[in-house]
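Note that the numbering runs from 1 along the sequence shown for the chain. Remember, it's a predicted structure, so these values are computed and weren't measured experimentally. Because only heavy atoms are used, hydrogens play no part in the values below, and waters and symmetry mates are left out as well, while side chains stay in.
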Amino acid sequence: MAQTNKLKIFNDPIYGFIGTPNELIFNLIAHPYFQRLRRISQMGLSFLVYPGAHHTRFHHALGSMHLMRQAIRVLRFKKVEITEDEEIGLLAAILLHDIGHGPFSHGLEHVLVLDTNHEAISLHFIEYLNKEFNGALDTAISIFKGEHSKKFLNQLVSSQLDMDRLDYLKRDSFYTGVTEGNISSERMITMLNVYDNELVVEEKGIYSVEKFLMARRFMYWQVYLHKTSLVAEQLLIKVILRAKQLLEEGEALGSSSSLLFFLRHNGPINFDEGTLNLFSQLDDVDILAALKSWQSHSDFVLSKLSTMLLDRNLLHIKIKNKPVDDQLILSKKDWVKSNYKINDKQLEYFVFSGIISNRAYNEKHQNINILRKNGKLTDVAKASDHLNLKALSQTVTKHYVCYPKESV
(Lines give C-alpha, C1' and ligand atoms only; values in the text may rest on other atoms or scores of the structure.)
Protein backbone atom coordinates (compact mmCIF):
# COMPACT_ATOMS: atom_id res chain seq x y z
CA MET A 1 0.00 0.00 0.00
CA ALA A 2 1.78 3.13 -1.21
CA GLN A 3 1.89 6.12 1.10
CA THR A 4 3.93 9.30 1.07
CA ASN A 5 5.81 9.58 4.33
CA LYS A 6 4.95 13.14 5.29
CA LEU A 7 3.83 12.90 8.91
CA LYS A 8 6.84 12.17 11.10
CA ILE A 9 5.58 12.85 14.63
CA PHE A 10 2.49 12.70 16.86
CA ASN A 11 2.10 15.00 19.86
CA ASP A 12 1.13 12.74 22.76
CA PRO A 13 -0.05 14.24 26.09
CA ILE A 14 1.80 11.54 28.04
CA TYR A 15 5.23 11.33 26.38
CA GLY A 16 5.38 14.40 24.15
CA PHE A 17 6.45 13.87 20.55
CA ILE A 18 6.28 10.30 19.23
CA GLY A 19 8.10 9.73 15.97
CA THR A 20 7.43 7.27 13.17
CA PRO A 21 10.81 5.50 12.97
CA ASN A 22 10.59 4.10 9.45
CA GLU A 23 8.47 3.90 6.31
CA LEU A 24 6.84 0.58 7.25
CA ILE A 25 5.62 1.85 10.64
CA PHE A 26 4.31 5.03 9.03
CA ASN A 27 2.42 3.06 6.39
CA LEU A 28 0.97 0.69 9.01
CA ILE A 29 -0.31 3.67 11.03
CA ALA A 30 -1.79 5.19 7.86
CA HIS A 31 -3.60 1.97 6.95
CA PRO A 32 -7.43 2.02 7.35
CA TYR A 33 -7.26 -1.05 9.61
CA PHE A 34 -5.12 0.90 12.08
CA GLN A 35 -6.94 4.22 11.66
CA ARG A 36 -10.08 2.39 12.83
CA LEU A 37 -8.52 2.30 16.32
CA ARG A 38 -9.26 6.03 16.57
CA ARG A 39 -12.91 4.95 16.90
CA ILE A 40 -12.38 2.24 19.53
CA SER A 41 -12.56 3.39 23.16
CA GLN A 42 -9.55 2.27 25.19
CA MET A 43 -11.55 1.82 28.38
CA GLY A 44 -14.94 0.71 27.11
CA LEU A 45 -17.71 2.54 28.97
CA SER A 46 -15.51 3.90 31.77
CA PHE A 47 -16.20 7.44 30.56
CA LEU A 48 -19.60 7.06 32.27
CA VAL A 49 -17.64 7.13 35.54
CA TYR A 50 -14.52 9.12 34.58
CA PRO A 51 -15.57 11.79 32.06
CA GLY A 52 -12.03 12.21 30.74
CA ALA A 53 -11.65 8.56 29.75
CA HIS A 54 -12.38 9.08 26.06
CA HIS A 55 -8.93 8.08 24.84
CA THR A 56 -8.68 5.39 22.20
CA ARG A 57 -6.78 2.26 21.21
CA PHE A 58 -5.00 4.49 18.67
CA HIS A 59 -3.45 6.54 21.50
CA HIS A 60 -2.46 3.40 23.38
CA ALA A 61 -0.87 1.67 20.39
CA LEU A 62 1.32 4.67 19.61
CA GLY A 63 2.30 5.02 23.27
CA SER A 64 3.23 1.34 23.52
CA MET A 65 5.38 1.66 20.41
CA HIS A 66 7.12 4.70 21.91
CA LEU A 67 7.96 2.73 25.06
CA MET A 68 9.20 -0.17 22.94
CA ARG A 69 11.66 2.14 21.21
CA GLN A 70 12.93 3.21 24.65
CA ALA A 71 13.26 -0.42 25.77
CA ILE A 72 15.23 -1.33 22.65
CA ARG A 73 17.64 1.57 23.27
CA VAL A 74 18.13 0.57 26.93
CA LEU A 75 18.73 -3.10 26.16
CA ARG A 76 21.17 -2.34 23.35
CA PHE A 77 23.06 -0.02 25.70
CA LYS A 78 23.37 -3.02 28.03
CA LYS A 79 24.90 -5.07 25.17
CA VAL A 80 21.74 -7.10 24.47
CA GLU A 81 21.71 -7.97 20.78
CA ILE A 82 18.61 -6.80 18.93
CA THR A 83 19.05 -6.77 15.17
CA GLU A 84 17.50 -4.17 12.90
CA ASP A 85 15.03 -6.77 11.63
CA GLU A 86 14.10 -7.69 15.22
CA GLU A 87 13.66 -4.01 16.08
CA ILE A 88 11.22 -3.52 13.19
CA GLY A 89 9.44 -6.72 14.24
CA LEU A 90 9.10 -5.52 17.84
CA LEU A 91 7.78 -2.10 16.82
CA ALA A 92 5.27 -3.57 14.36
CA ALA A 93 4.12 -6.26 16.83
CA ILE A 94 3.49 -3.81 19.67
CA LEU A 95 1.90 -1.27 17.33
CA LEU A 96 -0.57 -3.87 16.05
CA HIS A 97 -1.06 -5.90 19.24
CA ASP A 98 -4.57 -4.48 19.85
CA ILE A 99 -5.71 -4.03 16.25
CA GLY A 100 -8.24 -6.86 16.70
CA HIS A 101 -10.25 -5.12 19.42
CA GLY A 102 -13.94 -4.73 18.69
CA PRO A 103 -16.28 -1.89 19.74
CA PHE A 104 -15.68 -0.62 23.28
CA SER A 105 -12.62 -2.88 23.59
CA HIS A 106 -13.09 -5.56 26.27
CA GLY A 107 -16.73 -4.56 26.79
CA LEU A 108 -18.05 -6.73 23.95
CA GLU A 109 -15.26 -9.29 23.69
CA HIS A 110 -16.65 -12.82 23.15
CA VAL A 111 -20.12 -11.30 22.62
CA LEU A 112 -20.12 -9.97 19.06
CA VAL A 113 -17.68 -12.67 17.94
CA LEU A 114 -18.19 -15.84 19.96
CA ASP A 115 -15.26 -17.99 21.12
CA THR A 116 -12.67 -15.60 19.65
CA ASN A 117 -10.58 -13.12 21.64
CA HIS A 118 -9.06 -9.90 20.36
CA GLU A 119 -5.55 -11.40 20.24
CA ALA A 120 -6.70 -14.01 17.72
CA ILE A 121 -8.39 -11.33 15.60
CA SER A 122 -5.26 -9.15 15.86
CA LEU A 123 -3.24 -12.04 14.44
CA HIS A 124 -5.68 -12.34 11.52
CA PHE A 125 -5.19 -8.65 10.79
CA ILE A 126 -1.40 -8.85 11.06
CA GLU A 127 -1.23 -11.87 8.77
CA TYR A 128 -3.40 -10.14 6.18
CA LEU A 129 -1.31 -6.96 6.41
CA ASN A 130 1.80 -9.10 5.99
CA LYS A 131 0.53 -10.21 2.59
CA GLU A 132 -0.23 -6.63 1.64
CA PHE A 133 3.25 -5.52 2.72
CA ASN A 134 5.00 -8.43 0.97
CA GLY A 135 6.21 -10.34 4.02
CA ALA A 136 7.54 -7.30 5.91
CA LEU A 137 5.77 -8.50 9.08
CA ASP A 138 7.24 -12.03 9.19
CA THR A 139 9.39 -11.24 12.23
CA ALA A 140 6.55 -9.33 13.91
CA ILE A 141 4.30 -12.40 13.55
CA SER A 142 7.00 -14.67 14.95
CA ILE A 143 7.38 -12.39 17.98
CA PHE A 144 3.61 -11.91 18.41
CA LYS A 145 3.00 -15.68 18.40
CA GLY A 146 5.87 -16.35 20.84
CA GLU A 147 7.70 -18.46 18.27
CA HIS A 148 10.87 -16.35 17.98
CA SER A 149 14.05 -17.96 19.33
CA LYS A 150 14.69 -14.90 21.51
CA LYS A 151 12.03 -15.34 24.19
CA PHE A 152 12.56 -11.87 25.64
CA LEU A 153 11.29 -10.28 22.42
CA ASN A 154 7.84 -11.79 22.96
CA GLN A 155 7.99 -10.82 26.66
CA LEU A 156 8.47 -7.18 25.66
CA VAL A 157 5.18 -7.43 23.75
CA SER A 158 3.20 -9.78 25.99
CA SER A 159 4.09 -10.60 29.61
CA GLN A 160 3.39 -9.32 33.10
CA LEU A 161 5.84 -6.48 32.51
CA ASP A 162 5.37 -5.63 28.84
CA MET A 163 5.17 -2.29 27.02
CA ASP A 164 1.41 -2.76 26.69
CA ARG A 165 0.88 -2.69 30.46
CA LEU A 166 3.45 0.02 31.07
CA ASP A 167 1.55 2.30 28.69
CA TYR A 168 -2.05 1.57 29.58
CA LEU A 169 -1.56 2.01 33.33
CA LYS A 170 0.10 5.38 32.88
CA ARG A 171 -2.29 6.46 30.10
CA ASP A 172 -5.50 5.30 31.82
CA SER A 173 -4.38 6.93 35.06
CA PHE A 174 -3.82 10.22 33.21
CA TYR A 175 -7.15 10.26 31.36
CA THR A 176 -9.24 9.16 34.35
CA GLY A 177 -7.45 11.50 36.75
CA VAL A 178 -6.79 8.58 39.12
CA THR A 179 -3.26 9.50 40.19
CA GLU A 180 -2.74 6.35 42.29
CA GLY A 181 -2.39 4.39 39.06
CA ASN A 182 0.40 6.56 37.72
CA ILE A 183 3.71 4.75 37.24
CA SER A 184 7.14 5.79 36.03
CA SER A 185 7.25 3.67 32.89
CA GLU A 186 10.53 5.27 31.88
CA ARG A 187 12.23 4.24 35.12
CA MET A 188 10.85 0.72 34.81
CA ILE A 189 12.32 0.46 31.32
CA THR A 190 15.77 1.64 32.43
CA MET A 191 15.79 -1.25 34.95
CA LEU A 192 15.16 -3.94 32.31
CA ASN A 193 17.78 -6.42 31.23
CA VAL A 194 18.02 -9.85 29.61
CA TYR A 195 19.38 -12.92 31.39
CA ASP A 196 19.42 -16.41 29.90
CA ASN A 197 17.18 -15.23 27.02
CA GLU A 198 14.51 -13.94 29.44
CA LEU A 199 13.42 -10.42 30.31
CA VAL A 200 14.41 -9.53 33.89
CA VAL A 201 14.51 -6.50 36.17
CA GLU A 202 17.75 -5.45 37.83
CA GLU A 203 17.76 -5.56 41.63
CA LYS A 204 17.75 -1.77 42.01
CA GLY A 205 14.42 -1.71 40.17
CA ILE A 206 12.55 -3.84 42.70
CA TYR A 207 10.71 -0.88 44.25
CA SER A 208 9.57 0.26 40.81
CA VAL A 209 8.10 -3.21 40.22
CA GLU A 210 6.34 -3.05 43.59
CA LYS A 211 4.85 0.34 42.67
CA PHE A 212 3.79 -1.04 39.27
CA LEU A 213 2.00 -4.06 40.76
CA MET A 214 0.30 -2.01 43.47
CA ALA A 215 -0.82 0.53 40.87
CA ARG A 216 -2.18 -2.27 38.71
CA ARG A 217 -4.19 -3.69 41.60
CA PHE A 218 -5.58 -0.26 42.45
CA MET A 219 -6.54 0.52 38.84
CA TYR A 220 -8.37 -2.79 38.45
CA TRP A 221 -10.57 -2.44 41.50
CA GLN A 222 -10.99 1.33 41.43
CA VAL A 223 -11.23 1.88 37.66
CA TYR A 224 -11.45 -1.16 35.35
CA LEU A 225 -13.81 -3.06 37.66
CA HIS A 226 -15.56 0.01 39.06
CA LYS A 227 -19.14 -0.97 39.82
CA THR A 228 -20.71 1.62 37.51
CA SER A 229 -18.42 0.62 34.62
CA LEU A 230 -19.27 -2.99 35.37
CA VAL A 231 -23.04 -2.55 35.28
CA ALA A 232 -22.84 -0.40 32.12
CA GLU A 233 -20.76 -3.07 30.41
CA GLN A 234 -23.21 -5.77 31.46
CA LEU A 235 -26.10 -3.71 30.09
CA LEU A 236 -24.28 -3.32 26.77
CA ILE A 237 -23.77 -7.08 26.62
CA LYS A 238 -27.47 -7.63 27.39
CA VAL A 239 -28.44 -5.22 24.59
CA ILE A 240 -26.36 -7.16 22.06
CA LEU A 241 -27.73 -10.50 23.27
CA ARG A 242 -31.27 -9.19 22.99
CA ALA A 243 -30.61 -7.87 19.48
CA LYS A 244 -29.26 -11.29 18.46
CA GLN A 245 -32.34 -12.96 19.93
CA LEU A 246 -34.74 -10.67 18.09
CA LEU A 247 -32.96 -11.22 14.78
CA GLU A 248 -33.25 -14.98 15.32
CA GLU A 249 -36.98 -14.52 15.80
CA GLY A 250 -37.25 -12.61 12.51
CA GLU A 251 -37.52 -9.08 13.91
CA ALA A 252 -36.14 -6.18 11.86
CA LEU A 253 -33.38 -4.13 13.46
CA GLY A 254 -31.81 -0.91 12.24
CA SER A 255 -28.01 -1.10 12.28
CA SER A 256 -24.96 -0.84 10.04
CA SER A 257 -24.37 -3.74 7.65
CA SER A 258 -21.14 -4.69 9.45
CA LEU A 259 -22.86 -4.83 12.85
CA LEU A 260 -25.79 -6.75 11.38
CA PHE A 261 -23.42 -9.39 9.99
CA PHE A 262 -21.96 -10.17 13.42
CA LEU A 263 -25.33 -9.95 15.18
CA ARG A 264 -26.65 -12.65 12.86
CA HIS A 265 -23.77 -15.05 13.57
CA ASN A 266 -24.15 -16.99 16.79
CA GLY A 267 -21.45 -19.56 16.16
CA PRO A 268 -17.74 -19.63 15.31
CA ILE A 269 -16.76 -17.27 12.49
CA ASN A 270 -14.18 -18.02 9.84
CA PHE A 271 -12.07 -14.90 9.48
CA ASP A 272 -11.45 -14.88 5.76
CA GLU A 273 -10.64 -11.64 3.91
CA GLY A 274 -14.31 -10.71 3.55
CA THR A 275 -15.10 -11.21 7.24
CA LEU A 276 -11.96 -9.32 8.24
CA ASN A 277 -12.99 -6.37 6.09
CA LEU A 278 -16.44 -6.36 7.70
CA PHE A 279 -14.87 -6.43 11.16
CA SER A 280 -12.55 -3.58 10.15
CA GLN A 281 -15.65 -1.45 9.53
CA LEU A 282 -16.99 -2.12 13.02
CA ASP A 283 -16.33 0.37 15.82
CA ASP A 284 -17.95 2.29 18.69
CA VAL A 285 -19.93 4.43 16.25
CA ASP A 286 -21.89 1.40 14.99
CA ILE A 287 -22.93 0.49 18.54
CA LEU A 288 -23.87 4.05 19.55
CA ALA A 289 -25.89 4.54 16.35
CA ALA A 290 -27.65 1.23 16.97
CA LEU A 291 -28.51 2.21 20.55
CA LYS A 292 -30.00 5.49 19.33
CA SER A 293 -32.10 3.57 16.82
CA TRP A 294 -33.09 0.78 19.18
CA GLN A 295 -34.28 3.06 22.00
CA SER A 296 -37.50 3.56 20.00
CA HIS A 297 -37.88 -0.12 19.00
CA SER A 298 -41.19 -1.83 19.75
CA ASP A 299 -39.46 -4.51 21.85
CA PHE A 300 -39.62 -3.36 25.48
CA VAL A 301 -36.37 -5.03 26.54
CA LEU A 302 -34.25 -3.66 23.68
CA SER A 303 -35.76 -0.21 23.99
CA LYS A 304 -35.45 -0.01 27.77
CA LEU A 305 -31.83 -1.25 27.90
CA SER A 306 -30.76 1.06 25.07
CA THR A 307 -32.36 4.06 26.76
CA MET A 308 -30.73 3.19 30.09
CA LEU A 309 -27.28 3.27 28.49
CA LEU A 310 -27.82 6.44 26.45
CA ASP A 311 -29.30 8.33 29.42
CA ARG A 312 -26.87 6.80 31.94
CA ASN A 313 -29.86 5.72 34.00
CA LEU A 314 -28.28 2.37 34.79
CA LEU A 315 -29.33 -0.59 36.90
CA HIS A 316 -28.49 -0.60 40.58
CA ILE A 317 -25.49 -2.82 41.44
CA LYS A 318 -24.29 -4.31 44.70
CA ILE A 319 -20.85 -5.91 45.05
CA LYS A 320 -20.20 -8.32 47.92
CA ASN A 321 -17.37 -10.55 49.11
CA LYS A 322 -19.68 -13.56 49.30
CA PRO A 323 -22.39 -15.00 46.99
CA VAL A 324 -25.53 -12.89 46.72
CA ASP A 325 -28.49 -14.08 48.78
CA ASP A 326 -31.01 -15.94 46.59
CA GLN A 327 -33.90 -14.33 48.44
CA LEU A 328 -32.68 -10.87 47.46
CA ILE A 329 -32.60 -11.87 43.79
CA LEU A 330 -36.07 -13.43 44.00
CA SER A 331 -37.57 -10.33 45.63
CA LYS A 332 -36.07 -8.07 42.93
CA LYS A 333 -37.37 -10.37 40.19
CA ASP A 334 -40.87 -10.31 41.68
CA TRP A 335 -40.85 -6.51 41.75
CA VAL A 336 -39.58 -6.15 38.16
CA LYS A 337 -41.96 -8.80 36.79
CA SER A 338 -44.89 -7.04 38.41
CA ASN A 339 -43.92 -3.48 37.44
CA TYR A 340 -42.46 -4.09 33.98
CA LYS A 341 -45.15 -6.62 32.99
CA ILE A 342 -42.60 -8.98 31.43
CA ASN A 343 -42.14 -12.76 31.33
CA ASP A 344 -39.46 -14.88 33.02
CA LYS A 345 -37.23 -14.95 29.94
CA GLN A 346 -37.24 -11.17 29.63
CA LEU A 347 -36.65 -10.86 33.36
CA GLU A 348 -33.07 -12.14 33.01
CA TYR A 349 -32.11 -8.94 31.19
CA PHE A 350 -32.96 -6.77 34.20
CA VAL A 351 -32.08 -8.86 37.27
CA PHE A 352 -28.89 -10.90 37.20
CA SER A 353 -25.82 -11.75 39.23
CA GLY A 354 -22.24 -12.64 38.44
CA ILE A 355 -18.65 -12.91 39.62
CA ILE A 356 -15.60 -10.70 39.05
CA SER A 357 -12.05 -11.57 39.97
CA ASN A 358 -8.58 -10.10 39.67
CA ARG A 359 -5.03 -11.20 40.34
CA ALA A 360 -2.51 -8.38 40.19
CA TYR A 361 0.45 -10.74 39.89
CA ASN A 362 0.48 -14.32 38.67
CA GLU A 363 3.88 -15.80 39.47
CA LYS A 364 2.97 -19.03 37.67
CA HIS A 365 2.45 -17.23 34.35
CA GLN A 366 5.61 -15.58 33.01
CA ASN A 367 6.69 -14.34 36.41
CA ILE A 368 8.72 -11.17 36.97
CA ASN A 369 12.27 -12.15 37.88
CA ILE A 370 14.66 -9.88 39.76
CA LEU A 371 18.33 -10.16 38.72
CA ARG A 372 20.40 -10.04 41.91
CA LYS A 373 23.84 -8.48 42.00
CA ASN A 374 25.26 -11.98 42.53
CA GLY A 375 23.79 -13.06 39.19
CA LYS A 376 20.94 -15.14 40.64
CA LEU A 377 17.26 -14.77 39.73
CA THR A 378 14.52 -14.36 42.34
CA ASP A 379 10.78 -14.02 41.78
CA VAL A 380 9.70 -10.49 42.71
CA ALA A 381 7.17 -11.76 45.28
CA LYS A 382 10.02 -13.50 47.14
CA ALA A 383 12.59 -10.78 46.59
CA SER A 384 10.35 -8.02 47.90
CA ASP A 385 10.08 -7.08 51.57
CA HIS A 386 6.67 -5.58 50.81
CA LEU A 387 4.13 -7.76 52.64
CA ASN A 388 1.31 -6.76 50.30
CA LEU A 389 3.15 -8.14 47.28
CA LYS A 390 2.55 -11.73 48.36
CA ALA A 391 -1.13 -10.90 48.77
CA LEU A 392 -1.19 -9.61 45.19
CA SER A 393 -0.43 -13.15 44.03
CA GLN A 394 -3.79 -14.29 45.37
CA THR A 395 -6.93 -14.19 43.22
CA VAL A 396 -9.56 -11.88 44.74
CA THR A 397 -13.14 -12.80 43.85
CA LYS A 398 -16.23 -10.68 44.39
CA HIS A 399 -19.93 -11.26 43.67
CA TYR A 400 -22.36 -8.76 42.21
CA VAL A 401 -26.11 -8.43 41.61
CA CYS A 402 -27.84 -5.95 39.29
CA TYR A 403 -31.47 -4.84 39.30
CA PRO A 404 -33.54 -1.71 38.45
CA LYS A 405 -33.20 1.19 40.81
CA GLU A 406 -36.95 1.54 41.17
CA SER A 407 -36.97 -1.70 43.13
CA VAL A 408 -34.86 -0.34 45.96
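Side-chain contact, His97 with Asp164: a donor N or O sits under 3.5 Å from an acceptor N or O. Between Lys170 and Asn182, the side chains place a donor N or O and an acceptor N or O closer than 3.5 Å (distance only, hydrogens not considered). Using modelled atom types and a 3.5 Å distance limit, the side chains of Arg242 and Gln245 yield no donor-acceptor pair. If you check the side chains of Ser159 and Asp162, you find no donor sitting under 3.5 Å from an acceptor. The closest side-chain donor-acceptor pair between Asn266 and Glu248 falls under 3.5 angstrom. For the residue pair Asn277 and Tyr33, a side-chain donor N or O sits within less than 3.5 Å of a side-chain acceptor on the partner. Arg39 and Thr56 are not linked by any side-chain donor-acceptor pair at a separation below 3.5 angstrom, with hydrogens and angles left out of the test. Arg187 and Ser208 form a side-chain donor-acceptor contact under 3.5 Å, judged by distance and modelled atom types alone. Under the 3.5 Å distance criterion, with hydrogens and angles disregarded, no donor-acceptor pair is assigned to the side chains of Asp379 and Asn369. For the 3.5 Å distance criterion, the side chains of Tyr168 and Gln42 fail to qualify, holding no donor opposite an acceptor. Inspection of the Gln222 and Glu180 side chains reveals no N or O donor paired with an N or O acceptor under 3.5 Å.
Using a 4.5 Å heavy-atom cutoff, the side chains of Leu24 and Leu137 are in contact. Inter-residue side-chain proximity for Leu96 and Leu129 is flagged as met; some heavy-atom pair is nearer than 4.5 Å. Between Leu156 and Ile143, every side-chain heavy-atom pair lies at or beyond the 4.5 Å cut-off. With a 4.5 Å cut-off on side-chain heavy atoms, His66 and Asp167 do not count as touching. In this structure the side chain of Glu86 never reaches within 4.5 angstrom of the side chain of Ile88, judged on heavy atoms.
Taken from CG in Leu37 to CG in Leu62, the straight-line distance is 9.0 Å, to the nearest 0.5 Å. Summarising the geometry, atom CE belonging to Met163 is positioned 9.5 Å from atom CG belonging to Leu90; distances are rounded to the nearest 0.5 Å. Taking OG of Ser184 as the reference point, atom CG of Leu166 lies at 9.5 Å (rounded to 0.5 Å). A distance of 6.0 Å separates CD in Glu109 from NE2 in His101, rounded to the nearest 0.5 Å. Distance check, rounded to the nearest 0.5 Å: CD of Glu132 to CG of Leu28 gives 9.0 Å.
Under the 3.5 Å distance criterion, the side-chain polar atoms of Thr20 are left unmatched by any main-chain donor or acceptor of Ile25. For Thr139 (side chain) and Gly89 (main-chain N/O), no donor-acceptor pair under 3.5 Å exists by modelled atom type. Using a distance-only test at 3.5 Å, with no hydrogens or angles considered, no donor-acceptor pair links the side chain of Asp311 to the main chain of Asn313. Judged by distance alone, with hydrogens and angles left aside, the side-chain atoms of Ser357 form no donor-acceptor pair with the main-chain N or O of Val396 at under 3.5 Å. A donor-acceptor contact shorter than 3.5 Å links the side chain of His297 to the backbone of Ala252. The backbone N or O of Val113 lies less than 3.5 Å from no partner atom in the side chain of Thr116, so there is not a single donor-acceptor pair. Under the 3.5 Å distance criterion, the side-chain polar atoms of Lys244 are matched with a main-chain donor or acceptor of Phe262. Gln295 contributes no side-chain N or O that, together with a main-chain N or O of Ser306, makes up a donor-acceptor pair within less than 3.5 Å. Side-chain atoms of Asp286 do not come within 3.5 Å of backbone N or O of Ser256 as any donor-acceptor pair. Of the possible donor and acceptor atoms, none in the side chain of Ser303 sits under 3.5 Å from a partner among the backbone N and O of Asp299.
Of all non-hydrogen atoms in Gln155 and Leu199, the two that sit nearest each other are OE1-N, 2.7 Å. Heavy atoms only, all atoms of each residue included: Lys376 and Asn374 are closest at N-OD1, 2.9 Å. Of all heavy-atom pairs spanning Leu45 and Ala232, the tightest one is CD1-O, 3.5 Å. Residue Gln160 comes nearest to Phe212 through the heavy atom pair O-CE2, 3.3 Å, listed as atom of the first residue, atom of the second, then distance. A pairwise comparison of heavy atoms in Ser258 and Gln281 identifies OG-O, 3.7 Å as the closest pair. For Thr228 against Val231, the heavy-atom pair with the smallest separation is O-CG1, 3.3 Å.
The salt bridge (charged side-chain N to carboxylate O under 4.0 Å, His left out) test with Glu87 is passed by exactly one of Lys150, Arg73, Arg76: Arg76.
A cation-pi geometry, defined here as NZ or CZ lying under 6.0 Å from the six-membered ring centre and within 45° of its normal, does not hold between Lys304 and Phe350.
Heavy atoms of other residues, nucleotides or ligands lying less than 6.0 angstrom from NZ of Lys227 number 12 at most. For CD of Glu84, the number of neighbouring non-hydrogen atoms (other residues, nucleotides, ligands) closer than 6.0 Å is 12 at most.
The aromatic rings of His31 and Phe133 sit tilted relative to each other, their planes meeting at an angle between 30° and 60°. Relative ring orientation between His55 and Tyr175 is described as parallel, the plane-to-plane angle staying below 30° on a 0-90° scale split at 30° and 60°. Ring pair His124/Phe271 is parallel by interplanar angle, where below 30° counts as parallel and above 60° as perpendicular. Using the six-membered ring where Trp is involved, Phe125 and Phe279 have ring planes that are tilted, between 30° and 60° apart. A perpendicular orientation is assigned to the rings of Tyr220 and Tyr224, their planes being inclined by more than 60° (bins at 30° and 60°).
Checked against the 6.0 Å centroid criterion, the rings of Tyr340 and Phe300 qualify as a close aromatic pair.
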Criterion side chain to side chain contact (heavy atoms under 4.5 Å, CB included) on Trp294 and Leu305, from CA distance to verdict: CA-CA 9 Å; Trp294 296 345; Leu305 295 177; over 6 Å; no

Check against side chain to side chain contact (heavy atoms under 4.5 Å, CB included), Thr395 and Asn358: CA-CA 6 Å; Thr395 300; Asn358 178 247; over 6 Å; no

Salt bridge (charged side-chain N to carboxylate O under 4.0 Å, His left out) between Arg57 and Asp98, intermediate numbers included: CA-CA 7 Å; Arg57 289 281 156 184; Asp98 274 345; 2.7 Å; yes

Worked check of salt bridge (charged side-chain N to carboxylate O under 4.0 Å, His left out) between Arg372 and Glu202: CA-CA 7 Å; Arg372 296 289 197 182; Glu202 294 166 353; over 6 Å; no

Pair Asn130-Ile126, side chain to side chain contact (heavy atoms under 4.5 Å, CB included): steps then yes or no: CA-CA 6 Å; Asn130 193 36; Ile126 298 170; 5.5 Å; no

From CA spacing to verdict: side chain to side chain contact (heavy atoms under 4.5 Å, CB included), Arg171, Tyr15: CA-CA 10 Å; Arg171 188 168 300 277; Tyr15 310 118; 3.4 Å; yes

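Ion pairing between Glu198 and Lys151 holds under the 4.0 Å rule for side-chain N and carboxylate O. We find that Glu348 and Lys238 are not joined by a salt bridge, their nearest charged nitrogen and carboxylate oxygen being 4.0 Å or further apart.
By the side chain to side chain contact (heavy atoms under 4.5 Å, CB included) test, Ala289 pairs with no residue at all, sequence neighbours left out.
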